[in-house]
Amino acid sequence: MLKSRNILITGATDGLGFELAKAYASRGHRVVATGRQLLTNDLDFFGSPNIAYIRADQSEPEAAARAIAQAMEKFEWGSIDLAILNAATGWTGHPADETPEQIDHQIAINLTAPVLIAKAIAPLLFAAQGQLAMIGSTAANGQAQFATYAATKAGLEGFVRSLREEWRNKTHVQIIHPGPTRTKMHAKAGLKTGMVRMFFMSTKRAVRAIQRSIRNRDGKRVLSRAYGWSSIFSSAKEGEL
Ligand SMILES: NC(=O)c1ccc[n+]([C@@H]2O[C@H](COP(=O)([O-])OP(=O)(O)OC[C@H]3O[C@@H](n4cnc5c(N)ncnc54)[C@H](OP(=O)(O)O)[C@@H]3O)[C@@H](O)[C@H]2O)c1
């Protein structure tokens, strides 16, 4: 029989996080999904009784980390098998036009919050000898019109490298860098992608590729379209994530 795991996914109200939550729940795993929105009915929103939602707005990183730690107590989770820290936001434009508030906002959501959340859930991850998967971006190598966003993802990679050493033998730590994917993220950041969007990876394929990287416990994985394609033919065996 499939072993049901405890899975935390941040930023699960849209895009990759939403699809990951539904994919893991459909395999019988218990999912705690987080986001900035107030939801009135988790079941209507996610369509699965295996997903519980809590509001954890990462623009206030300390409060978000606290809300997640409190939710773990409320749901009586003594351990977390897998945490996917996925929530992020972007701002697009020339760096000279970016305000200090826009810069702080992205750093809070994309970098400070995942660091504090990782710290808050560490004992539960250690209890399961679990997995922590950070969602980065290929923008970590530098991305025109997305300078601060790129910097937050590069910062996350540095954090993951350090944590991988510090948490060795306690929890597997990895970073997965998706390439451009057909979610609403670009539009939310103010970027019109136009026809180029056709060449982006589909959300479904990116989700399969992320799941495969998690299953394979890749340390660092860049999601190319080719990796996305090959993930279509790779599915979890019974009891696997
Ligand atoms: N799409 C791409 O091309 C691409 C490429 C590389 C990396 N990524 C990374 O993939 C991850 C998922 O992105 P996506 O494309 O799925 O974007 P998305 O569709 O915009 O989803 C992002 C999620 O994060 C949530 N979020 C935003 N601000 C938040 C806050 N203050 N507190 C808590 N949650 C917040 C969003 O909530 P709302 O529903 O309220 O907006 C949403 O649930 C991100 O880490 C992103 O950087 C995406």
Side-chain angles (χ1 to χ4, degrees), residues 8-23 31-39 42 45-46 51 53-68 71 83-92 101-102 104-114 116-117 133-143 145-146 148-157 159-160 174-191 193 196-207 209-211 213-214 220-225 227-228:
L8 169 72
I9 304 176
T10 66
T13 49
D14 206 356
L16 296 172
F18 181 72
E19 296 300 335
L20 282 164
K22 291 203 305 180
V31 177
V32 168
T34 80
R36 63 179 163 172
Q37 301 178 30
L38 265 179
L39 299 185
D42 305 6
F45 189 85
F46 291 104
I51 304 176
Y53 176 79
I54 59 142
R55 183 164 186 256
D57 184 342
Q58 294 186 195
S59 62
E60 293 183 32
E62 281 186 73
R66 213 168 28 245
I68 290 172
I84 306 177
L85 303 192
N86 160 80
T89 193
W91 180 89
T92 186
E101 289 75 23
Q102 282 158 337
D104 283 350
H105 188 66
Q106 290 167 85
I107 294 172
I109 294 168
N110 301 1
L111 186 58
T112 312
L116 292 182
I117 293 167
M134 295 282 194
I135 304 298
S137 169
T138 49
N141 291 328
Q143 175 80 59
Q145 302 288 309
F146 275 101
T148 300
Y149 171 80
T152 62
K153 295 299 189 176
L156 207 53
E157 166 139 2
F159 179 66
V160 163
Q174 66 190 136
I175 186 156
I176 299 167
H177 290 304
T181 307
R182 259 177 258 134
T183 66
K184 294 191 216 110
M185 197 189 89
H186 307 92
K188 290 181 199 174
L191 182 72
T193 48
V196 179
R197 195 172 164 80
M198 279 192 331
F199 300 100
F200 290 4
M201 208 176 345
S202 77
T203 306
K204 197 162 263 179
R205 207 170 296 154
V207 163
I210 289 170
Q211 288 187 291
S213 295
I214 287 171
K220 172 177 164 178
R221 166 61 71 177
V222 173
L223 299 188
S224 62
R225 273 159 63 91
Y227 187 71

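In listed order, ligands and their atoms are each counted from 1.
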For [atom], which protein heavy atom lies nearest, and how many Å away is it?
atom                    : value
atom 16 (O) of ligand 1 : Leu16 N, 2.8 Å
atom 40 (O) of ligand 1 : Arg36 NE, 2.7 Å
atom 35 (C) of ligand 1 : Ala87 CB, 4.0 Å
atom 27 (C) of ligand 1 : Ala88 O, 3.6 Å
atom 2 (C) of ligand 1  : Thr181 N, 3.5 Å
atom 43 (O) of ligand 1 : Thr13 OG1, 2.7 Å
atom 17 (O) of ligand 1 : Met185 CB, 3.4 Å
atom 15 (O) of ligand 1 : Thr183 OG1, 2.5 Å

With heavy-atom distances below 4.5 Å as the criterion, would you say the side chains of [X] and [Y] are in contact?
X      : Y      : result
Ile68  : Thr10  : yes
Met134 : Pro114 : yes
Ile117 : Gln58  : yes
Phe159 : Ile175 : no
Thr183 : Asp14  : no
Ile51  : Asp42  : no

Enumerate the atoms of ligand 1 whose separation from the nearest heavy atom of [X] is less than 4.0 angstrom.
X      : result
Asp14  : 19 (O), 21 (O), 39 (O), 42 (C), 43 (O)
Gln37  : 38 (P), 39 (O), 40 (O)
Pro178 : 5 (C), 6 (C), 7 (C)
Ile109 : 31 (N)
Gly15  : 16 (O), 19 (O)
Gly179 : 3 (O), 5 (C), 6 (C)
Ser137 : 6 (C), 7 (C)
Ala12  : 43 (O)

Considering residues at least two apart in sequence or located in another chain, which fulfil the side chain to side chain contact (heavy atoms under 4.5 Å, CB included) criterion with Phe18?
Lys22, Phe45, Phe46
Atom CD of Glu157 with >12 non-hydrogen neighbours under 6.0 angstrom:
yes
More than 12 heavy atoms of other groups within 6.0 Å of Glu62 CD:
no
Does any N or O in the side chain of [X] come within less than 3.5 Å of the main-chain N or O of [Y], such that one atom is a donor and the other an acceptor?
X      : Y      : result
Arg197 : Thr181 : no
Asn110 : Thr89  : yes
Thr92  : Gly190 : no
Lys153 : Gly142 : no
Ser137 : His177 : no

Mind checking whether [X] has an N or O less than 3.5 Å away from an N or O of ligand 1?
X      : value
Pro180 : no
Thr138 : no
Asp57  : yes
Gly11  : yes

Ligand 1 contacted by [X] (non-hydrogen, < 4.0 Å):
X      : result
His186 : yes
Ala56  : yes
Tyr149 : yes
Arg182 : no
Gly136 : yes

Please work out, at 4.0 Å between heavy atoms, whether the side chain, the backbone, both, or neither of [X] comes within that distance of ligand 1.
X      : answer
Lys188 : side chain
Asn86  : both
Gln58  : both
Ala139 : neither

Does Ile84 form a side chain to side chain contact (heavy atoms under 4.5 Å, CB included) with Ile214? I'd like the steps, not just the answer.
CA-CA 9 Å; Ile84 306 177; Ile214 287 171; 3.7 Å; yes
Specify whether Phe200 and His186 have parallel, tilted or perpendicular ring planes, treating 30° as the upper limit for parallel and 60° as the lower limit for perpendicular.
tilted
Output for pair (Glu101 CD, Trp91 CH2), nearest 0.5 Å, gives 12.0 Å
